[in-house]
Amino acid sequence: MSVGVAILGSTGSIGCSTLQVLARQRERFRVAALTAHSNADLLERQAAEWKPAYVGLVNGESREQGAGSGASCLVEAATRADVAIVVNGIVGAAGLEATLAALRAGKRVALANKEALVMAGELVTRAAREGGGEIVPVDSEHSAVLQCITGRRPTELERLILTASGGPFRTWTPERVAGATVEEALRHPTWRMGKKITVDSATLVNKALEVIEAHFLFALPYPAVEVVVHPQSVVHAFVEFVDGSVLAQVGFPTMELPILYALTHPERVPDAGARRFDPVAAGSLTFEPVRPDLYPAYGLGRAAAVAGGTAPAAFNAANEVAVELFLEGRIRFGRIAETIARVLDAHRPGDAGSLAAVLATDAEARRLAREAACS
Ligand code: NAD
Ligand code: MG
């Protein structure tokens, strides 16, 4: 019997990579549900190829028979009886409710949508505990950590070092970065991804989100989650154990491996399509500290993490709004970090133990961010 997979955000970068992985694993997995935001044409082509039992289009009318629509189609797809694994490849806060619903329904969530865990880490981990669901990271750094710690006891784990490529502005001056264009910000040196995460990689907000993600996934305090800049993106993370031993997971940058691993963890299955590692082709591997002057938003994210409660949700919402405005050409690159700083200055962190509190923080931070960004 093959395992039923729902792909939320099937038309995006993670969604398309997931289908590429599944095309080589047809005997193990079957696509039970696909959802997208508004790309009806691509969704239709995917549905024609994969014949899922359920298709959902959030924004617009799908021509598929019996297709779901509106935001509720995400929860419908994620909680279906014929779905065992939900790949959440939605970008941003829109992915939160489906993640909670899937975990409460006892599903495995292969989670690329890190924003959900950042906004509502307590709620998401509680939903998994209470519903019997399981969160398995798709993010390459967290997949690397999981691969290194699988089979070990949590008490043996001491410290994580996540790697960051440093993005396209690693060698620029802070003054030049502040005026970077959209085109320059979207020119990522090592990864091809959706626009939002590509901008997040240029500000290093992505790494701050990943620090928070790691804190909730692996139950580590923030000082034990470090970051190092590694421009080649070959080492995905280092894991230090209590005896001082360090393991790392390495490979050429591709999301297909972490996606496949999230589907099969703790097992590994053959994958004929995977690009094999070659250390000589990888060449020299270098590591540098994070420069706070170059990536001010990274420090803001770490501070929000330590503040805890609703602060990470405010950080995430402010960033989502600022990135959108930047991509629309309405604010300069340097304004992204400034906007986040203004929102966090105004935010009084509260308890993040209820969905209502998290969503209220999200809405208020978005309002403040729009005001701060454009004034
Ligand atoms: P993307 O922009 O390429 O795709 C986003 C997908 O989400 C699309 O299918 C879109 O239809 C859907 N979507 C967007 N808004 C939605 C909404 N309001 N409701 C429902 N669906 C909506 O983004 P991506 O690069 O695939 O990233 C997706 C997530 O995975 C992000 O959280 C990102 O941080 C994470 N991630 C991506 C990569 C990567 O290599 N692309 C790597 C690690 C983590
Ligand atoms: Mg990552």
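As the structure lists them, so they are numbered: ligands from 1, and atoms in each ligand from 1. Just so it is clear, the model here is predicted, and its values are computed rather than measured.
- Side-chain contact, Tyr298 with Arg302: a donor N or O sits under 3.5 Å from an acceptor N or O.
- Taking distance alone, with nitrogen or oxygen atoms compared against 3.5 Å, Gly194 approaches ligand 1 more closely than that limit.
- No salt bridge links Glu338 with Arg342; every basic N to acidic carboxylate O contact stays at or beyond 4.0 Å.
- A salt bridge links Arg367 with Glu364: the closest approach of a Lys/Arg side-chain nitrogen to an acidic carboxylate oxygen falls below 4.0 angstrom.
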Full working for side chain to side chain donor-acceptor pair (under 3.5 Å) between His347 and Thr361: CA-CA 9 Å; His347 181 68; Thr361 296; 4.8 Å; no

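- Heavy-atom minimum distance, Thr339 versus Ala369: CG2-O, 3.6 Å.
- Close contacts between ligand 1 and Asp139 involve ligand atoms 43 (C), 44 (C) [criterion: under 4.0 Å to a heavy atom].
- Distance from atom 36 (N) of ligand 1 to its nearest protein heavy atom, with residue and atom name: Ile197 CD1, 3.6 Å.
- Residue-level check: among N/O/S atoms of Glu141, OE1 sits closest to the Mg ion (ligand 2).
- Between the Mg ion (ligand 2) and the N, O or S atoms of Asp139, the shortest distance is to OD1.
- The shortest N or O to N or O distance between Gly12 and ligand 1 is under 3.5 Å.
- In this structure, the protein non-hydrogen atom closest to atom 27 (O) of ligand 1 is Ile14 CG1, 4.2 Å.
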